[in-house]
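Below: one structure, written as structure tokens.
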Amino acid sequence: MKIATWNLKYALAPRAKTLDLLSWAETNIAADAYAFTESNMPADIGAEWNVLWNSNGVHTGATRKWGTTLASTKVALVPVDEEIGRAHV
């Protein structure tokens with residue numbers, strides 16, 4: 001399995017939409033799953049993407065909060081309960 005990580009740096013340089021960056025990654029990196037840090041939740045994500053977003057990300061001042069987006073077009077992503085380590089099914 002190929003997993004790619006990418007810090008989108010939305011706190012410093014929000015130049016491109018998250019969906020555009022996901023599409024670029026899928027075309028150019030072609031990983032099975034991605035972890036995008038310092039991101040926001042894609043608003044208009046296509047049905048081909050399976051996405052989990054965690055808002056517990058980087059805080060930049062009092063007005064902005066960036067999270068982590070886990071995304072894939074190839075595998076199912078399932079939230080895991082940290083306390084018991086079991087998938088929510």
Side-chain angles (χ1 to χ4, degrees):
M1 174 177 270
K2 183 177 177 182
I3 300 172
T5 64
W6 185 3
N7 184 327
L8 299 181
K9 296 185 181 180
Y10 267 91
L12 301 174
R15 294 188 179 121
K17 294 180 180 179
T18 301
L19 184 56
D20 292 339
L21 296 173
L22 267 67
S23 296
W24 183 92
E26 183 68 1
T27 300
N28 295 283
I29 299 170
D32 296 306
Y34 303 90
F36 299 102
T37 58
E38 291 190 43
S39 67
N40 58 18
M41 180 62 181
D44 297 324
I45 193 134
E48 70 275 10
W49 285 97
N50 182 3
V51 176
L52 298 175
W53 187 73
N54 184 338
S55 63
N56 295 327
V58 176
H59 297 267
T60 57
T63 60
R64 297 187 181 193
K65 183 176 180 181
W66 309 109
T68 299
T69 301
L70 303 177
S72 178
T73 60
K74 297 175 178 74
V75 296
L77 302 175
V78 180
V80 175
D81 186 322
E82 294 178 31
E83 293 181 23
I84 60 173
R86 295 185 188 174
H88 296 277
V89 290

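Counting from 1, the numbers follow the sequence of the chain as shown.
Judged purely by atom type and a 3.5 angstrom limit, Asp32 uses its side chain to pair as donor or acceptor with the backbone of Lys2.
Note that CG of Asn54 is 6.0 Å distant from OG1 of Thr68, once rounded to the nearest 0.5 Å. In this structure, the separation between OG1 on Thr5 and CZ on Phe36 is 9.5 Å, given to the nearest 0.5 Å. Here CG of Asn50 is found 9.5 Å from CG of Leu70. Values are rounded to the nearest 0.5 Å. Atom CH2 of residue Trp49 and atom CG of residue Leu22 lie 4.5 Å apart, to the nearest 0.5 angstrom. A distance of 6.0 Å separates CH2 of Trp6 from CD1 of Ile29, quoted to the nearest 0.5 Å.
Both Leu8 and Trp24 belong to a common hydrophobic cluster when Ile, Leu, Val, Met, Phe, Trp and Tyr are linked at side-chain heavy-atom distances under 4.5 angstrom. Note on Ile3: it clusters hydrophobically with Val75, by side-chain heavy-atom contacts below 4.5 Å among ILVMFWY residues. In the hydrophobic clustering of this structure, Val78 does not group with Met1; members are Ile, Leu, Val, Met, Phe, Trp, Tyr whose side-chain heavy atoms approach within less than 4.5 Å, directly or through other members.
For Asp20, the side chain to side chain contact (heavy atoms under 4.5 Å, CB included) partners at least two apart in sequence or on another chain are Lys17. For Thr73, the side-chain hydrogen bond (donor to acceptor under 3.5 Å, both in side chains) partners two or more places apart in sequence, or in a different chain, are Glu26.
At least one side-chain heavy atom of Val51 sits under 4.5 Å from a side-chain heavy atom of Thr69.
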